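Take a look at the structure below.
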Amino acid sequence: MTDKAGNSNTYTQNVTVKEKPVEKKQEADGSKVVYLTFDDGPSSNTKKILDILDKYDAKATFFVTGNGQKYNSYIKEAYDAGHTIGLHTYSHNYSIYTSEETYFEDLTKIGNMVKDIIGYVPKYIRFPGGSSNTVSKKYCSGIMSDLVDAVHEKRYEYYDWNVSSGDASGNNVAVSKIVKNSTSSNANSIVILMHDTDAKDTTVEALSEIIEYYQNKGYVFKGIDDSSYTAQHSVNN
């Protein structure tokens with residue numbers, strides 16, 4: 001660089017370019033796909049869900065925890081049936097957001113549990129509360145902004161949702177409400193948040209009607225894979 005007096009100076013600046021993963025906006029072939037995702041299992045309801053999915057030849061994704069280990073055989077049954085197994089949390093205690101270390105300790109624990117069941121650690125994850133959660137602020141300000149990058153650095157991919165069934169609002173949410181919420185989208189790529197715990201009987205009861213609704217509109221039901229639409233929220237912490 002030369003100034004007006006004719007003095008020159010040379011300097012070197014190192015610039016690191018951080019590339020943000022590209023969110024897949026639509027299915028590659030333009031098809032219409034529903035991704036049913038079930039958090040918090042396995043549970044006594046998992047087998048009922050698997051039987052319904054099998055009846056309609058529908059695939060889904062199960063983001064599992066360590067809280068229902070007496071039902072862990074259903075994780076293997078789901079995997080063997082062609083469903084996707086993802087990682088949610090081992091403890092589902094929001095204190096995992098105290099630091100990156102506490103989060104990854106928990107993620108590693110659930111990953112190792114699933115590896116013992118299906119033979120490998122899944123790379124598809126869902127943050128408790130989703131990436132947009134604000135409860136994490138109680139434990140560590142800015143933790144989600146750090147974690148969304150950190151999980152990518154460790155070769156995980158996280159998935160939120162663009163449709164909520166509403167079954168997280170309480171137990172025994174009316175079937176009609178779950179169906180209405182779940183069938184509210186006409187997007188080509190729909191990721192529905194549902195829950196798989198002992199208390200979510202009405203979610204199971206609503207499932208057939210939801211599947212039939214979308215199948216009648218030409219949708220297919222797939223489990224998440226590397227080519228799937230990546231629903232990700234704006235981070236709020």
Side-chain angles (χ1 to χ4, degrees), residues 22-41 43 45-46 48-65 78 83-84 86 88 92 124-135 144 148 157-225 227-236:
V22 177
E23 180 179 292
K24 302 177 184 71
K25 298 295 184 183
Q26 299 290 343
E27 299 305 311
D29 59 0
S31 59
K32 300 196 296 184
V33 181
V34 174
Y35 299 95
L36 293 170
T37 64
F38 295 92
D39 288 7
D40 298 353
S43 72
N45 276 320
T46 307
K48 299 172 188 175
I49 292 170
L50 290 174
D51 287 345
I52 293 169
L53 294 172
D54 182 63
K55 175 183 176 182
Y56 292 98
D57 193 25
K59 301 305 179 188
T61 301
F62 294 84
F63 289 104
V64 302
T65 75
H83 303 291
T84 299
H88 191 32
H92 212 303
Y124 308 130
I125 66 173
R126 174 167 284 161
F127 293 112
S131 67
S132 59
N133 83 79
T134 56
V135 69
M144 295 311 303
V148 294
E157 185 57 278
Y158 68 94
Y159 291 80
D160 292 315
W161 55 91
N162 56 12
V163 172
S164 174
S165 68
D167 68 351
S169 62
N171 297 330
N172 299 313
V173 175
V175 171
S176 59
K177 183 176 181 180
I178 293 173
V179 171
K180 182 179 179 179
N181 291 338
S182 299
T183 58
S184 62
S185 178
N186 59 4
N188 276 6
S189 303
I190 300 171
V191 183
I192 303 178
L193 171 66
M194 309 182 90
H195 290 82
D196 171 20
T197 64
D198 292 340
K200 302 302 180 185
D201 293 332
T202 54
T203 299
V204 178
E205 293 169 21
L207 186 55
S208 291
E209 188 172 348
I210 294 166
I211 294 174
E212 289 178 6
Y213 174 87
Y214 282 114
Q215 285 186 338
N216 288 337
K217 289 185 171 292
Y219 286 82
V220 296
F221 287 79
K222 294 182 179 180
I224 287 170
D225 61 24
S227 66
S228 300
Y229 166 68
T230 311
Q232 293 179 343
H233 298 163
S234 296
V235 176
N236 296 314

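In this text the structure is predicted, and so the values were computed from the model without any measurement.
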Under 3.5 Å, is there a donor-acceptor pair between the side chain of [X] and the main chain of [Y]?
X      : Y      : result
Tyr219 : Asn186 : yes
Asn236 : Ser132 : yes
Asn133 : Gly130 : yes
Asp40  : Thr197 : no
Thr202 : Val173 : yes
Lys222 : Val33  : no
His195 : Asp39  : no

Gap separating the [atom1] atom of [X] from the [atom2] atom of [Y], nearest 0.5 angstrom:
X      : Y      : atom1 : atom2 : value
Tyr124 : Thr84  : OH    : OG1   : 7.0 Å
Ile190 : Leu36  : CD1   : CG    : 10.0 Å
Thr46  : Ile49  : OG1   : CD1   : 5.5 Å
Phe38  : Asp196 : CZ    : CG    : 7.0 Å
Ser185 : Lys32  : OG    : NZ    : 10.5 Å
Ile178 : Ser165 : CD1   : OG    : 5.5 Å

### Query
Taking side chain as C-beta onward, heavy atoms only, is Phe62 less than 4.5 Å from His88?
no
### Task
Please tell me if the side chains of Thr183 and Tyr214 come closer than 4.5 Å, counting only heavy atoms from C-beta onward.
yes
Indicate the atoms forming the closest heavy-atom contact of [X] with [Y], along with that distance.
X      : Y      : result
Ser184 : Val163 : OG-CG1, 4.2 Å
Asn162 : Ser189 : ND2-O, 3.0 Å
Gln232 : Glu157 : NE2-OE1, 2.8 Å
Ile224 : Phe63  : CD1-CZ, 4.0 Å
Asn45  : Lys200 : ND2-C, 3.7 Å
Phe221 : Ala58  : CB-CB, 3.6 Å

Could you go through residues 203-212 and list every donor-acceptor pair under 3.5 Å that involves a side-chain atom there, pairing it with any protein atom two or more places apart or in another chain?
| unit_1 | atom_1 | unit_2 | atom_2 | d |
| --- | --- | --- | --- | --- |
| Thr203 | OG1 | Asp167 | OD2 | 2.8 |
| Glu212 | OE2 | Tyr56 | OH | 2.4 |

#### Entry: Check: Tyr35 ring centre within less than 6.0 Å of Tyr229 ring centre
no
### Query
Parallel, tilted or perpendicular for Tyr158 and Phe127, by the 30°/60° rule?
tilted
### Task
Report the C-alpha distance between Tyr159 and Thr230 in whole Å, list the side-chain angles of each, state the deciding distance to 0.1 Å, and finish with yes or no for side chain to side chain contact (heavy atoms under 4.5 Å, CB included).
CA-CA 6 Å; Tyr159 291 80; Thr230 311; 4.0 Å; yes
